[in-house]
Amino acid sequence: MKYLLLMSALVLASSSLAATAPSTITKGTLKIGMEGTYPPFTYKDEKGNLTGFDVDIARAVAAKLNLKPEFVLTEWSGIIAGLQANKYDVIVNQVAITPERQKSIAFSTPYVYSTPQIIVKKNGNFAPKTLADLKGKRVGSSLGSNYEAQLKATGGINILTYPGAAEVLADLTTGRIDAGYNDRLLVSYLIKSQNLPIRGAGTGSADAMGIALKKSNTGLKTAIDKALLQIKADGTYAKISSQWFGQDVSKP
């Protein structure tokens, strides 16, 4: 009788865990979409290894979910479409939570806040303070990004779109565009770590970034939100944030 009761309890526990386990494309694996060309968030180091703040966060979240992280690299311009096409379960790539995006995809609770920043050539005379100062100028932005949307909303700016931030910075340094518009944390990192002739100019208001996933996968969203709370509570988040930025980027 005791044996039967024990077996029944194990079956019930197993059924309960199965019911609450997050649904993923491949069982036991969390497929993660990201650019791989967006330092310091997601990029390849000199040895060709994928690294960055978002890579570390994704791995930490996957560990809390007891899932194996599998990274799927794609250009920013098609990253949300890839999510909708089931190429990966989530996007961990500094995706700003906007009302427009929330119409078609879901987000975790915010896991990082950052401020958009205008980027110009280091030795140039152009020193814009606001987006209004960019009117009539050639400004580069990643196609489909929140930054592109803000430039469009300003009006009067000659916007040139690119697959990702790397192409924007390349054209800025060669003078093909007058300015770029991207993440302040990215700009700060590049100024410190690479010898790019750029500098930050005016900034906007802080954006909340979330882990993006399909609206239909409510179980995975719940599990990810819990995992984010756990990595903040046990100090994992603080360690990752300090390593990459020297500060806590979980708050506006």
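Because only heavy atoms are used, hydrogens play no part in the values below, and waters and symmetry mates are left out as well, while side chains stay in. All values reported here derive from a predicted model rather than from experimental measurement.
- A donor and an acceptor atom, one from each side chain of Asn146 and Asp207, are located under 3.5 Å apart.
- Checking Asp171 against Tyr162 by side-chain atom types alone, a donor-acceptor pair falls below 3.5 Å.
- Counting non-hydrogen atoms of other residues, nucleotides and ligands closer than 6.0 Å to NZ of Lys122 gives a total of 12 or fewer.
- Taking the six-membered ring where the residue is Trp, Trp244 and Tyr189 present tilted rings, their angle falling between 30° and 60°.
- Both the sub-6.0 Å distance and the 45° axial angle are satisfied by Lys137 relative to the ring of Phe126.
- Residue pairs meeting the side-chain hydrogen bond (donor to acceptor under 3.5 Å, both in side chains) criterion with at least one member in residues 57-77, sequence neighbours excluded, are Lys64-Asp234.
- With hydrogens and angles left out, the side-chain atoms of Thr51 and Asn49 include no donor and acceptor closer than 3.5 Å.
- Listed by first and then second residue, the ring pair (Phe, Tyr, Trp, His ring centres under 6.0 Å) pairs that reach into residues 85-105 come to none, sequence neighbours excluded.
- Counting heavy atoms of neighbouring residues, nucleotides and ligands inside a 6.0 Å radius, atom NZ of Lys232 exceeds 12 of them.
- Shown here for Thr115 and Gly204, the closest heavy-atom pair between the two residues is CG2-O, 2.8 Å.
- Side chain to side chain, Tyr113 and Asp248 fail the donor-acceptor criterion of an N or O pair below 3.5 Å.
- More than 12 heavy atoms of other shown residues, nucleotides or ligands fall within 6.0 angstrom of atom NZ in Lys214.
- Contact check for Leu134 versus Asn158: no side-chain heavy atoms found under the 4.5 Å cut-off.
- A salt bridge between Asp178 and Arg138 is present, with a side-chain N of the basic residue lying under 4.0 Å from a carboxylate O of the acidic one.
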